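Within every chain, numbering begins at 1; the chains are lettered A, B, ... in the order of the sequence lines, protein sequences first and strands thereafter. Quantities reported herein were computed from a predicted structural model and do not represent experimental measurements.
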There are 2 protein chains.
Amino acid sequence: MTGAIHRSATKGIYDSLMSVKLDAIFSALADPTRRAILAMLLEDDMAVTDVAEPFEMSLAAISKHLAVLERAGLITQEKRGRLKWCKLEPHAMREASVWMQGFGQFEPLNLDDFERFLAAEMTTVLRDTAPIRED
Amino acid sequence: MTGAIHRSATKGIYDSLMSVKLDAIFSALADPTRRAILAMLLEDDMAVTDVAEPFEMSLAAISKHLAVLERAGLITQEKRGRLKWCKLEPHAMREASVWMQGFGQFEPLNLDDFERFLAAEMTTVLRDTAPIRED
DNA sequence: CGAATGGTCAACCAAAAGGTTGAATAACCT
DNA sequence: AGGTTATTCAACCTTTTGGTTGACCATTCG
């Protein structure tokens, strides 16, 4: 029982990388600010300052969040001129998605649900971190 | 741009709950020991001591990990006699899965990939936390 | 009953996470 | 060149996380 775990020395490094990657991806996704950022980037690439604008948090903090997302492979950042453009890398989520889906067949994505989800989380994060101006 | 974020006061509590749930799920998944535990439970329900057995870590530590997983809704624990049975709740991952899939259409689950993934991560976690006995 | 087993609790600790501020670097604009 | 804008760095602080140990409760067994 559960004892039948085999070991392959040659796969070691690769396996380790996968585990590390999952660590990075899931812990990146564990923060609501970072999830909100990803949702924003889903609409369009953005420069760091623009990413930061909706949050009531220092630019440095956002910069750190972006670094976390980049380390996880969830976004890339490319400097053009003095702006650094942040771009979503949706493919990176695939590893995590594959892992999760192994635990059950989840229904094939209801996009409406997802939209609601995003909008909801966004308002929550913003309400919690920034006073919402209705001007 | 990105400024069109609407607010619905009535949805507030519910939204907040969703965000909290995603926080809990993703941060629970961010730890390799906890992912390994989930993978073990995929095969069968297990009592706490049996869950702990493969890891070189105190029972108390595993107990805490299980509490984290339970708070995230990823497992349930039921005490029967003096054993506490841990049971996977794969459904809980659906929320997170829906969220993630919104970022891209991932290929419809290659089970072989998943098996490799699990086995790989398992060996890695065990190698890192416990000396592997080949007896 | 008393002893062993299964599991958690409480106190503690080190390291990591998430934030701040102020200074530094880099690129653009007169 | 000098000023402004975009972004990061460094030092610092507080809270959370992941682990330890030892005492404690609950349940079964002899």
Item to check | Any donor-acceptor pair under 3.5 Å from B:S97 side chain to B:M93 backbone | outcome: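 No, B:S97 side chain to B:M93 backbone: no donor-acceptor pair under 3.5 Å.
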Next on the checklist: Between B:R35 and A:S19 (side chain of the first, backbone of the second, donor and acceptor by atom type, cut-off under 3.5 Å), is there such a pair?
Outcome noted: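 Yes.
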Distance below 4.0 Å between [X] side-chain N/O and [N] OP1 or OP2:
X: B:S58; N: D:dG19; answer: no
X: A:R34; N: C:dG18; answer: yes
X: A:S63; N: D:dT8; answer: yes

Atom pair distance, as rounded to whole Å: [atom1] in [X] and [atom2] in [N]:
X: B:M46; N: C:dG6; atom1: CE; atom2: P; answer: 13 Å
X: A:R71; N: C:dA16; atom1: CZ; atom2: C1'; answer: 12 Å
X: A:L59; N: D:dT8; atom1: CG; atom2: C1'; answer: 9 Å
X: B:I37; N: D:dG18; atom1: CD1; atom2: C1'; answer: 12 Å
X: A:R35; N: C:dG18; atom1: CZ; atom2: P; answer: 11 Å
X: B:E78; N: D:dT27; atom1: CD; atom2: C1'; answer: 16 Å
X: B:W85; N: C:dT8; atom1: CH2; atom2: C1'; answer: 18 Å
X: A:H65; N: C:dT20; atom1: NE2; atom2: P; answer: 9 Å

Next on the checklist: Using a 4.0 Å heavy-atom cut-off, does B:A47 contact any base of the nucleic acid, only the sugar-phosphate backbone, or nothing at all?
Outcome noted: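 Sugar-phosphate only.
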Among the nucleotides [options], which one has an atom lying closest to any side-chain atom of [X]?
X: B:A61; options: D:dT20, C:dC28, D:dC29; result: D:dT20
X: B:K79; options: D:dA26, D:dT7, C:dG18; result: D:dA26
X: A:M57; options: C:dT20, D:dT4, D:dT7; result: C:dT20
X: A:R82; options: C:dC29, C:dG7, D:dT8; result: C:dC29
X: A:A60; options: D:dT21, C:dG22, C:dG7; result: C:dG22

Checklist entry - Do B:W99 and B:K21 have side chains that get closer than 4.5 Å, going by heavy atoms? => result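 Not touching, per the 4.5 Å side-chain cut-off.
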Checklist entry - With a 4.5 Å limit on heavy-atom distance, are the side chains of A:L69 and A:E89 in contact? => result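 When only atoms from C-beta onward are counted, A:E89 and A:L69 do not touch, as no gap falls below 4.5 Å.
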Next on the checklist: So, taking the atom named CG in A:L74 and the one named CG in A:L41, what distance separates them when rounded to the nearest 0.5 Å?
Outcome noted: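 These two atoms lie 10.5 Å from each other.
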Checklist entry - Between B:L83 and A:G81, which has a closest nucleotide on DNA chain C that is more 5'? => result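 Nearest nucleotide further toward 5': that of B:L83.
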Checklist entry - Ignoring hydrogens and angles, are the base of C:dG19 and the side chain of A:K64 linked by a donor-acceptor pair under 3.5 Å? => result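 Indeed, a donor on one side and an acceptor on the other fall under 3.5 Å apart.
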